[in-house]
Amino acid sequence: MPASSIDHAFTARSNTGAAGDPTYAGALSFMRRRYTKNVKGADVVIWGIPFDAAVTNRPGARFGPQAIRRASAIFDNDPQYPFHLDLFDKLGVVDYGDCLLDNGNHQKTPKTIEREAARLISSGAFLLTLGGDHFVTWPLLKAHAAVHGPLALVQFDAHQDTWFDDGKRIDHGSFVARAVREGIVDPDRSIQIGVRTHAPDAFGIKILHGYEVEEMRAADIAYAIAERTGGRKTYVTFDIDCLDPAYAPGTGTPVAGGPSSAKILSVLRQMTQIDIVGADIVEVAPAYDHADITAIAGASVALHYIGLLAERKARLEALNNNGITALNQGSGI
């Protein structure tokens, strides 16, 4: 167990290491990670975007980052299920806080998000974003594609988000269409999981509809994702309404007939072969939640992202160590 402490978010001296705060007290950063604007040396940066002016139904996702951070307090000690390791033993994770937006001028929002995201990505850290409505993924995709080129998109969602867009709208239901048209997302390497609504155009993206997901095993869904992305640099966006409202009632546009949190978390757990370069969790709207059900699901999704990254770092270190050992043995050292 970690040493007894309180307010680890402010008292931590390192980007690694577990916290000792009781789950019911202390400063609420994401999983008690250190709050800092200095991301130098961090492997992962957690960032909130409290924006929900693009919703087409119920507002409230601007409170999503707060709710996810609060719910994450139950996960802050090691080891974190189902990864069998202390995620923060060697993986340096910081909480950068939230994006500052001009609430009276939404036309500035996309550029503000893109500019700040680009700066964080340029540090070399993995950017994990807490939304916010799904519009925030549009500038995030632009910032990541500027570094990695056209991206494979893995989208967990009840909606395709491919509605008409004139390129100027602030709308959470059209960012995918815009990303495909502008060459930011490669539709031939992209997949949507859990869709249970209709849109005018799929833009060539593979869709696993809600009823298909219900009949598939988690392992088969993960395989379909790996096959579709094909090793391409991948951005993963998770709209919490991918889950059935029984597991995520706190969202703006809930759609019945979705998968359970257990099933989709199992899918995420098995996405070990995907080259994920950025990720988000969006559309958590705590005003419609009950007993933090949705916020806990959102925090669990974010935890699984971090778990995959921790495992990836451990694998790379093991490969490097094995290579050094083999080199030393070959030279007689």
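Each residue takes its place number in the sequence, starting with 1.
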Give a yes or no on whether the backbone of Met216 and the side-chain of Lys263 come within a donor-acceptor separation of less than 3.5 Å. yes
Other residues, nucleotides and ligands only: do more than 12 of their heavy atoms fall within 6.0 Å of NZ on Lys233? no
d(Thr109 OG1, Ile170 CD1) to nearest 0.5 Å is 6.5 Å
Verify, without hydrogens or angle tests, whether Arg196 (side chain) and Ala256 (backbone) share a donor-acceptor contact under 3.5 angstrom. yes
Ile46 and Met31: side chain to side chain contact (heavy atoms under 4.5 Å, CB included), yes or no, with the steps? CA-CA 10 Å; Ile46 310 294; Met31 292 183 72; over 6 Å; no
Once you round to the nearest 0.5 Å, how far does CD1 of Ile264 lie from OH of Tyr247? 11.0 Å
Using the side chain to side chain contact (heavy atoms under 4.5 Å, CB included) rule, take Leu309 and Asp43 through it: C-alpha gap first, then chi angles, then the decisive distance, then the call. CA-CA 9 Å; Leu309 295 171; Asp43 296 306; over 6 Å; no
Could you please spell out the steps behind the salt bridge (charged side-chain N to carboxylate O under 4.0 Å, His left out) verdict for Asp52 and Arg62? CA-CA 5 Å; Asp52 64 4; Arg62 69 181 62 188; 2.7 Å; yes
Tell me, do Ser260 and Asp244 make a side-chain contact under 4.5 Å, heavy atoms counted? no
Within a reach of under 6.0 Å around CG of Leu100, are more than 12 heavy atoms found that belong to other residues, nucleotides or ligands? no
Determine whether Trp138 and Leu101 fall in the same hydrophobic cluster, where Ile, Leu, Val, Met, Phe, Trp and Tyr are linked whenever their side-chain heavy atoms lie under 4.5 Å apart. yes
For residues Pro22 and Ile6, determine if any side-chain heavy atom of one lies less than 4.5 Å from a side-chain heavy atom of the other. yes
Is the number of heavy atoms from other residues, nucleotides or ligands under 6.0 Å of Lys313 NZ greater than 12? yes
Decide yes or no on side chain to side chain contact (heavy atoms under 4.5 Å, CB included) for Leu308 and Thr272, but give the supporting numbers first. CA-CA 6 Å; Leu308 292 174; Thr272 56; 4.0 Å; yes
Hey, does Pro249 have a side-chain heavy atom less than 4.5 Å from the side chain of Pro254? no
Shortest non-hydrogen contact from Asp98 to Arg69? OD1-NH1, 2.9 Å
Pair Arg33-Phe88, side chain to side chain contact (heavy atoms under 4.5 Å, CB included): steps then yes or no: CA-CA 9 Å; Arg33 294 305 88 203; Phe88 308 119; 3.5 Å; yes
May I ask whether Val195 and Tyr235 are part of the same hydrophobic cluster, defined by side-chain heavy atoms of I, L, V, M, F, W, Y residues being less than 4.5 angstrom apart, directly or through others? no
Salt bridge (charged side-chain N to carboxylate O under 4.0 Å, His left out), that's the test. Do Asp166 and Arg169 meet it? Break it down for me. CA-CA 6 Å; Asp166 63 1; Arg169 289 176 57 80; 5.5 Å; no
Scan side-chain atoms only and decide if Thr112 and Glu116 contain a donor-acceptor pair under the 3.5 Å cut-off. no
Same apolar cluster (I L V M F W Y, side chains within < 4.5 Å links), Leu141/Ile193: no
Say whether Asp95 and Ser29, considering side chains only, have a donor N or O and an acceptor N or O under 3.5 Å apart. no
Point-to-point distance, once rounded to the nearest 0.5 Å, from CG of Leu85 to CD of Glu311: 6.5 Å
OH/Tyr223: more than 12 non-hydrogen atoms of other groups inside 6.0 Å: no
Non-hydrogen side-chain atoms of Val154 and Thr237 separated by less than 4.5 Å: no
What are the two closest non-hydrogen atoms of Arg70 and Leu28, and how far apart are they? CG-CD1, 3.9 Å
Are Val93 and Leu303 co-members of a hydrophobic cluster defined by side-chain heavy atoms under 4.5 Å apart? yes
Would you call Asp201-Arg181 a salt bridge at under 4.0 Å N-O? no
Side-chain donor-acceptor contact under 3.5 Å, Thr234 with Asp275: no
Are more than 12 heavy atoms, taken from residues, nucleotides or ligands other than Gln273, located less than 6.0 Å from that residue's CD atom? no
Is there a side-chain contact between Val176 and Gln192, using heavy atoms and a 4.5 Å cut-off? yes
Hey, quick one: are Tyr35 and Trp47 part of the same hydrophobic cluster, counting side-chain heavy atoms closer than 4.5 Å, chains of contacts allowed? no
Please report the interatomic distance OH(Tyr305) to CE(Met271), rounded to the nearest 0.5 Å. 7.5 Å
Verify ring-ring contact (aromatic ring centres under 6.0 Å, His included) between Phe175 and Phe135, making sure each step is shown before the conclusion. CA-CA 6 Å; Phe175 77 93; Phe135 175 78; 8.3 Å; no
In Val39, Leu91, Asn15, the residue satisfying side chain to side chain contact (heavy atoms under 4.5 Å, CB included) with Val44 is Leu91
Would you say Lys168 has more than 12 foreign heavy atoms packed within less than 6.0 Å of its NZ? no
Leu151 side chain reached by Val277 side chain, heavy atoms, under 4.5 Å: yes
Just so I know, are the side chains of Pro286 and Gln66 near enough to count as touching, which here means a heavy-atom distance under 4.5 Å? no
Asp157 CG to Thr253 OG1 distance, which is reported to the nearest 0.5 Å: 9.5 Å
Are the side chain of Arg34 and the backbone of Thr16 linked by a donor-acceptor contact shorter than 3.5 Å? no
Taking C-beta and beyond as the side chain, do His134 and Gln155 meet within less than 4.5 Å on heavy atoms? yes
So how far is it from His159 NE2 to Asp241 CG, rounded to the nearest 0.5 Å? 5.0 Å
